Every structure is written in C-alpha cells, then in structure tokens.
Amino acid sequence: MSTDDKNRAVAAAILPLVGGAGNITSVAHCMTRLRLGLRDRSLVRDEELKALPAVMGVVEDDTYQIVLGPGTVARVTPEFEALVAEAQAAPPATPSADDLAAQGAAIRAARKARNQTPFKLFLRRIANIFVPLIPALIGCGIIAGLNGLLINLGWLPDVTPALAAIASGFMALIAVFVGFNTAKEFGGTPILGGAVAAIIVFPGVAKVDAFGQTLSPGQGGVLGALGAAVLAVYVEKWCRRWVPESLDVLVTPTLTVLVSGLVTIFGLMFVAGEVSNAIGEFADWLLVHAGAGAGFVLGGLFLPLVMLGLHQALIPIHTTLIEQQGYTVLLPILAMAGAGQVGAAMAVYLKLPRNGSIRRTIKSALPAGFLGVGEPLIYGVSLPLGRPFVTACVGGAFGGGFVGLFSMLGTKVGSTAIGPSGWALFPLLDGDKGLGRTIAIYAGGLLTGYLAGFVATYFWGFGARLLEEFDVDTDAGPETVVAASAGTTPPPSPAPEPDPEPKPAKL
C-alpha cells in the first residue's frame, strides 16, 4: 500500500467513527492533532476510535481532537477533508428525524460555543494566527543551527552566506505573515492585513520620526503586526458598511491601508516596540535573578496550562523573543514538562508488572515521548491514573529548575523555533556560551526531569488502592483478574494461540 493510500485508509477509518461527513462542521489540524467541529457529539464512537492503530488518543476542548502524531496528522487531514467534501457534495436526501435531531444538536452546540469565556476564545484566536507559522520557524531554525555549526567549524565558507539568507528570510518578513493570518482570523481580507503589517519591516520607516525618536525597521515586531492587522480589519468592516457598493472596490482597500498604516507608523510601532522590549528585558531579568525558582514553577505548571489551553498565551512571547534575541529562553524550560512525563511513564511501567495493557501503551508511546510528543503518555497513561500526572509535573519542575539555575549562573539556553521539544529540540538549540555548553545543559535538564519524574512516581505516585485496582493481568480472562484482586490462585485455562502481530492497547 502506498503512503497516500495508507493515509486515505486512516481517514476513511476515522470518518464513520465520528458520525460521518454529515456530523462534521469544520476540519483543521495542529502539530499532532486532527481537530473536528461536530454537530452531535453523541454520534462519536470513542472506544472504537481509540482502538484504531493510528490513533494515539482523543482530547475534547472547543473541538474534538484526535491525536495522530506529528507528520501523520499533516498527511491524513487533507485526505479526511477530501472524503468529507465528497460525501457532503452528494445529492441531499429527504430530511429525516435524524436530520432534525442533528440540527437541534447543532443549535445546542452553537449555544454552548456562545458560553465560552472570552479570554479562552481570544487565546484560541491567537494560537490560530501563530500555529500555521511553526513549520517555517522549525525549518528556518534548523537551517540557522546548521549554518552556525558550519561557521564555527570553518567548513563550506562559500555556502554559509546562502544558508544564512535562507534561514533569515522568513524571520525578516514574519510580521507580514502574522498580519495576513491575523486579518484572516478576525474576518478581514488577509492580503490587506499583510499589507499594513509590511509597513513595520519596510526599510523606509527609518526616515520617520514618532514620539521624539526615529523609527527602526521591524520596531514593534509581531506584536505591532498583530495590532496593525486587527485595526485594519475594523477599518475594513466599517468601510464595508458605509461605502457605496459602486465605490467599494476602490475606496475600502485604500482607506483600510491608509488609516491603519498611519496609526501603525505614528502609534503602534512605538507602543508595540516598548512592549516587546519589556518582554525581552523581563524574561532576561527573571532568569538571571530567579532562574531556578522560575524554571521550577514554569516546568511544573506547563502540563496543567496545556490541559487548560492557557499555554497559547505564550506563543506570541516565544515569537517576540526569537525575533529580538534569535531564540526563546522559555521553551527549553517548558520542554522539561515532557521529560517529567517520560520519567513517570517508566515508573508506571515498573509499578504495574502484570498490567499488559498499560505496559504496551507505554512501550508504544515512549518513543514519541522522547521526541517531545506527550499526548499519548498524558491521555493514555498518567492522566487516567491521576496521581502519576501530578508526579510527572514534579519531574518537569525539577528539570525546569535545572535549566533555570544555569541561567542564574550566566548561561542562556534557548530555542530558535517553537513547536518541538524533547530530543527533537536539540537541532534548534542556541545560547550565549557556545553550542556545546548549551546542548550539555539542556541534556542535563532532560535527565533531571526523567529521574525526578521516575522517582516521584515510583515512590509517591501509587497508593495501595491504586495498585490493587490496576496491577492485574489485563490479558487474562475475568476469572484470573478477579482471583488476582482477591489474592487467590486462578483456575487453569487453556493456553491462547499466539498473536503474530499484537496491537498496542489504548486506555
């Protein structure tokens, strides 16, 4: 089976288990998850969905999220969208009672959506602006790291200038992409948002004085671009309401760019520049003066922030730091949360020697966990068990404290892009004291997170009741499980035939 056929097969297997094409209102994906809008949540067959080999777990938030893993989700999503479009394009049948029930469910879902907190909806919008930029950040970040390595080694001097241009081109124009995505997200014309945001990086602004100082190209960065594009959307919507339709094609884009552009040059660039500088200075001050404590808190709280969706507020901060300093010093600390999760999973594996189901899940999910994809371990192991999720956070706290401590001692550890963590972050590492020391500190943080998560989970992650409930032979029949729980000898049973291809169990 070709790769395309395999991805289409995965999409075809998922579609009926989420209620079919008629139950789908939206399709999108992030780094690891297929995100679906559903008309009727009750039509989803969760257990069958989790049992699919390609599915690592499911998450429910404002959308129904199916964890497929990095790479896979980007290939399966277009196939899934094509299947949905084909089914929805079919001639409509006579409305049935089920159709009416689906409409009622859609109304209830819309009412529920209106009750979402404004703050969380705002954070999701911010994430929708920046998440599409992550692949370019990763690609350019790795190229920048490779270029730095070649320069340090003195290799290929004729090639390094070209690599520098390739790595830096996107970052030089990132404000334009932010403006484009912002206008799209807030309901405006994307190209107008990009046009207004382009003013920020235009070299000619160096000839403009505002607030008693000469502007600098790029001043305000992504925050200025975001604000400029939002303003452009509101100006455009005002024009659409009041400009006669016969003049709209000329007047609306002109006024949108002119008004928003003047406000950007004589207001937003200065204000956003001050805010961006304050973010960078505060991050530096925090890690220099309270690095160990700040790292401990950030590493320990990151997983709960992810669970609540509040981690999205950090995306513009990461991007601002990368734009200012060339790397974000926060991401390596936050990545320690995944290390704590890996250490906790290893302890669970040893504490439940008879539970074949959980142990198979851990074995299948650990490689992804080492590479920084934590959803399979979170939703398949630690979170369902309860206390191991808390002890995993303890592991992340100690790992974050380790990296933060070295910031206090004068060595910054940063990442040139956002998105990856775990071992996948090594190619993106950068710092102020050389690549070797940066890699060593980050690796030390990972080992600290693994060890602390393991120790905390092994000694404090299980009570007697939890062990009694979960340390049973899940591969045996009911009589064996009952007998094991009661502490008696189970009756003999015929040996099962060997399964040539055992399938990882999903919790």
Side-chain angles (χ1 to χ4, degrees), residues 31-32 56 67 69-70 287 291-307 311 314 318 328-351 361-383 385 387-407 411-415 417-429 431 437-461:
M31 290 290 291
T32 59
M56 298 178 178
V67 183
L287 292 180
F296 190 90
V297 172
L298 291 172
L301 292 181
F302 187 62
L303 285 181
L305 288 177
V306 172
M307 301 294 298
H311 67 297
L314 297 171
H318 287 311
T328 168
V329 292
L330 297 180
L331 185 60
I333 290 176
L334 300 176
M336 296 301 122
Q341 195 70 228
V342 168
M346 292 177 176
V348 171
Y349 187 88
L350 294 181
K351 292 291 284 187
T361 299
I362 292 173
K363 284 196 292 186
S364 64
L366 267 180
F370 280 115
L371 293 175
V373 181
E375 285 93 343
L377 290 176
I378 294 172
Y379 298 107
V381 182
S382 65
L383 195 59
L385 292 173
R387 198 186 296 183
F389 178 77
V390 176
T391 53
C393 293
V394 172
F398 277 94
F402 181 92
V403 177
L405 175 62
F406 279 89
S407 293
T411 302
K412 289 183 180 179
V413 177
S415 169
I418 56 177
S421 61
W423 293 1
L425 198 62
F426 277 110
L428 298 169
L429 291 177
R437 184 182 296 188
T438 301
I439 290 175
I441 293 172
Y442 181 72
L446 288 178
L447 291 174
T448 301
Y450 296 153
L451 181 61
F454 178 89
V455 171
T457 305
Y458 191 87
F459 291 102
W460 297 286

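For reference, positions follow the sequence shown, starting with 1. Computed from a prediction, not measured in an experiment: that's the story for all the values here.
Between M346 atom CE and I362 atom CD1 the span is 10.0 Å, to the nearest 0.5 Å. Going from atom CG of L330 over to atom CD1 of I418 covers 11.0 Å, rounded to the nearest 0.5 Å. Distance check: T411 OG1 to L287 CG gives 12.0 Å after rounding to the nearest 0.5 Å. The CZ atom of F389 sits 11.5 Å away from the OG1 atom of T457 when rounded to the nearest 0.5 Å. Between I441 atom CD1 and F406 atom CZ the span is 5.0 Å, to the nearest 0.5 Å. Here the CG atom belonging to L301 is positioned 14.5 Å from the NE2 atom belonging to H311, to the nearest 0.5 angstrom.
Contact record, V394 with A456: CG1-CB, 4.2 Å, taken as the closest heavy-atom pair. Here the closest non-hydrogen pair linking A344 and P388 is CB-O, 4.0 Å.
Here F302 pairs with nothing under the ring pair (Phe, Tyr, Trp, His ring centres under 6.0 Å) rule; sequence neighbours left out.
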Please walk me through it: do L350 and F454 pass side chain to side chain contact (heavy atoms under 4.5 Å, CB included)? CA-CA 10 Å; L350 294 181; F454 178 89; 3.7 Å; yes
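Checked by atom type and distance alone, the side chain of Y442 pairs as donor or acceptor with a backbone atom of G422 at under 3.5 Å. At least one donor-acceptor pair under 3.5 Å links the side chain of S364 to the backbone N or O of T361.
In summary, the aromatic rings of F370 and Y450 are positioned with their centroids under 6.0 Å apart.
Side-chain contact between V455 and F398: absent, with no pair of heavy atoms (C-beta onward) separated by less than 4.5 Å. Two residues are said to be in side-chain contact when any heavy atoms from C-beta on lie closer than 4.5 Å; T391 and F459 fail this criterion. Residues L446 and W423 have side chains in contact (heavy-atom distance under 4.5 Å, counting atoms from C-beta outward). Residues L428 and P420 form a side-chain contact, since some pair of their non-hydrogen atoms from C-beta on lies under 4.5 Å apart.
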N/O donor to acceptor pairs below 3.5 angstrom from side-chain atoms of residues 331-342, sequence neighbours left out:
residue	atom	partner	partner atom	Å
Q341	OE1	S382	OG	2.4

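Y458 carries K351 over the face of its six-membered ring, with the cationic atom under 6.0 Å from the centre and within 45° of the normal.
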